[in-house]
Amino acid sequence: MAAAHPDRLAIRAAVLSQQLIRPGGLWQQIRVVEVTGSTNADLLAQAAAGAAGGRVLVAEAQTAGRGRLGRRWVSPPGTSLAFSVLLRPYDLPPARRPWIPLLAGVAVASALRSRAAVDACLKWPNDVLVGGAKLAGILAEQHRDAVVVGVGINVTVRREDLPVPTATSLLLETAAGMDTAAGMDTAAGMDTAAGLDRAELLAAVLRELERWYLAETAARDADESGLRAEYLRRCATVGRRVRVELPGGRSITGVAADVDAGGRLVVRTPAGITPVSAGDVVHVR
């Protein structure tokens with residue numbers, strides 16, 4: 001695969017700031033760094049020091065990136081989008097804040113569909129899937145009244161560099177799609193994926209995040225904002241038989257029936273209806 005020119009791949013804070021920072025908007029500061037341990041950890045430290053909301057931190061490489069349940073998230077430099085945003089959701093009562101990572105999932109899936117033309121869907125609570133494989137992950141962490149949301153999207157990660165066999169990347173999905181739909185070879189698909197402008201994809205995600213966040217904070221609940229309906233429309237978990245690994249080592253198995261007004265997954269089991277606020281979901285075939 002021919003290497004793209006570095007300038008084509010660069011994510012420039014000044015350009016993103018010009019596009020996305022506006023009076024009355026959500027985003028107030030956008031920074032891009034070559035490498036850091038974890039963008040989430042950096043913004044949590046800034047939140048603890050009193051930083052205002054609306055900050056975006058992007059890293060070309062993370063040395064200590066992490067996902068849910070303490071899992072590591074590492075990829076070769078320049079092959080992914082790894083960024084975090086700092087929010088201070090004063091207008092959202094604590095009972096509605098579980099919708100923030102779900103909102104981020106909607107934003108990521110929408111941006112991937114529009115910019116990368118992939119059939120992105122959501123796995124509760126915070127994975128973005130394409131063809132049943134994980135393309136992106138989301139981690140939300142809270143410090144007092146601040147919420148930091150981290151997003152990792154595999155863009156040009158090769159199969160041998162993926163963290164688990166059940167993951168995928170835009171490079172692999174584009175190659176497979178072109179090969180199947182147009183009879184083109186895998187290398188042609190990889191060249192197409194490598195030419196995807198990560199900065200444009202990032203800008204699309206941030207625009208969607210802003211749109212849904214402002215709608216949610218202005219509404220009485222996730223039904224009025226339209227967020228719950230949109231999440232359910234994109235969710236691949238609801239309607240599926242699932243096993244949910246719960247905190248403490250317990251698990252339940254049943255059919256994912258709904259996502260309720262509080263963002264909880266509603267699982268119908270032989271013992272009855274169980275709402276789940278936190279857990280690791282496995283789609284049972």
Side-chain angles (χ1 to χ4, degrees), residues 3-22 25-68 70-88 100-101 104 107-108 111-112 115-116 126 128 135-143 146-158 161-163 169-171 194-210 213:
H5 191 280
D7 285 346
R8 182 181 177 87
L9 294 177
I11 299 174
R12 302 183 185 281
V15 175
L16 287 169
S17 298
Q18 187 175 33
Q19 293 175 343
L20 298 170
I21 296 177
R22 58 184 178 81
L26 177 60
W27 309 123
Q28 303 300 314
Q29 181 193 82
I30 300 173
R31 291 184 59 232
V32 179
V33 296
E34 285 297 317
V35 62
T36 190
S38 161
T39 55
N40 257 37
D42 291 349
L43 285 189
L44 283 168
Q46 292 180 33
R55 295 190 174 200
V56 180
L57 178 62
V58 188
E60 288 289 359
Q62 293 187 110
T63 59
R66 62 190 190 274
R68 290 184 64 247
R71 298 182 181 117
R72 293 185 71 229
W73 190 86
V74 179
S75 61
T79 63
S80 300
L81 276 178
F83 66 96
S84 299
V85 301
L86 169 58
L87 305 172
R88 289 197 180 272
I100 292 176
V108 171
L112 285 167
R115 298 303 308 175
N126 55 10
V128 181
L135 179 67
I138 295 158
L139 175 66
E141 299 179 279
Q142 188 162 338
H143 176 79
V147 178
V148 172
V149 181
V151 177
I153 304 173
N154 297 324
V155 181
T156 55
V157 184
R158 293 175 175 270
D161 294 322
L162 290 170
S169 69
L170 287 176
L171 181 151
L196 178 69
D197 191 323
R198 290 181 305 132
E200 288 184 3
L201 178 58
L202 174 59
V205 174
L206 292 174
R207 287 190 185 99
E208 289 290 326
L209 261 171
E210 178 181 55
Y213 182 81

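Reckoned from all heavy atoms, side chains included, excluding hydrogens, waters and symmetry mates. Everything numeric in this text was worked out from a predicted model, so none of it was measured.
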With a 4.5 Å limit on heavy-atom distance, are the side chains of [X] and [Y] in contact?
X     : Y      : value
Leu26 : Val85  : no
Val56 : Leu20  : no
Gln19 : Glu200 : no

Can you name the closest pair of heavy atoms from [X] and [Y] and give their distance?
X      : Y      : result
Val128 : Ile138 : CG2-CD1, 4.5 Å
Ala107 : Leu209 : CB-N, 3.5 Å
Ala82  : Gln62  : CB-NE2, 3.6 Å
Leu170 : Ala116 : CD2-CB, 3.8 Å
Ile11  : Val32  : O-CG1, 3.5 Å
Val151 : Ile153 : CG1-CG1, 3.8 Å

Carboxylate-amine/guanidinium contact Glu210 Arg22, below 4.0 Å:
yes

Going by side chain to side chain donor-acceptor pair (under 3.5 Å), name the residues that satisfy it together with Arg31, two or more places apart in sequence or in a different chain.
none

When rounded to the nearest 0.5 angstrom, what is the spacing between [atom1] in [X] and [atom2] in [Y]?
X      : Y      : atom1 : atom2 : value
Leu162 : Ser169 : CG    : OG    : 5.5 Å
Ile30  : Leu16  : CD1   : CG    : 5.0 Å
Leu57  : Leu43  : CG    : CG    : 5.0 Å
His143 : Leu44  : NE2   : CG    : 8.0 Å
Ser17  : Gln28  : OG    : CD    : 10.5 Å
Leu86  : Asp42  : CG    : CG    : 11.5 Å

Sole residue of Val157, Thr156, Thr79, Val155 in side-chain contact (heavy atoms from CB on, under 4.5 Å) with Leu171:
Thr156

Do Arg115 side-chain atoms and Asp197 backbone N/O form a donor-acceptor pair below 3.5 Å?
no

Report yes or no: does Asn40 contribute a side-chain atom to a donor-acceptor pair with the main-chain N or O of Gly150 at less than 3.5 Å?
yes

Residue pairs passing the side-chain hydrogen bond (donor to acceptor under 3.5 Å, both in side chains) test where at least one lies in residues 47-57, sequence neighbours excluded
Gln46-Arg55

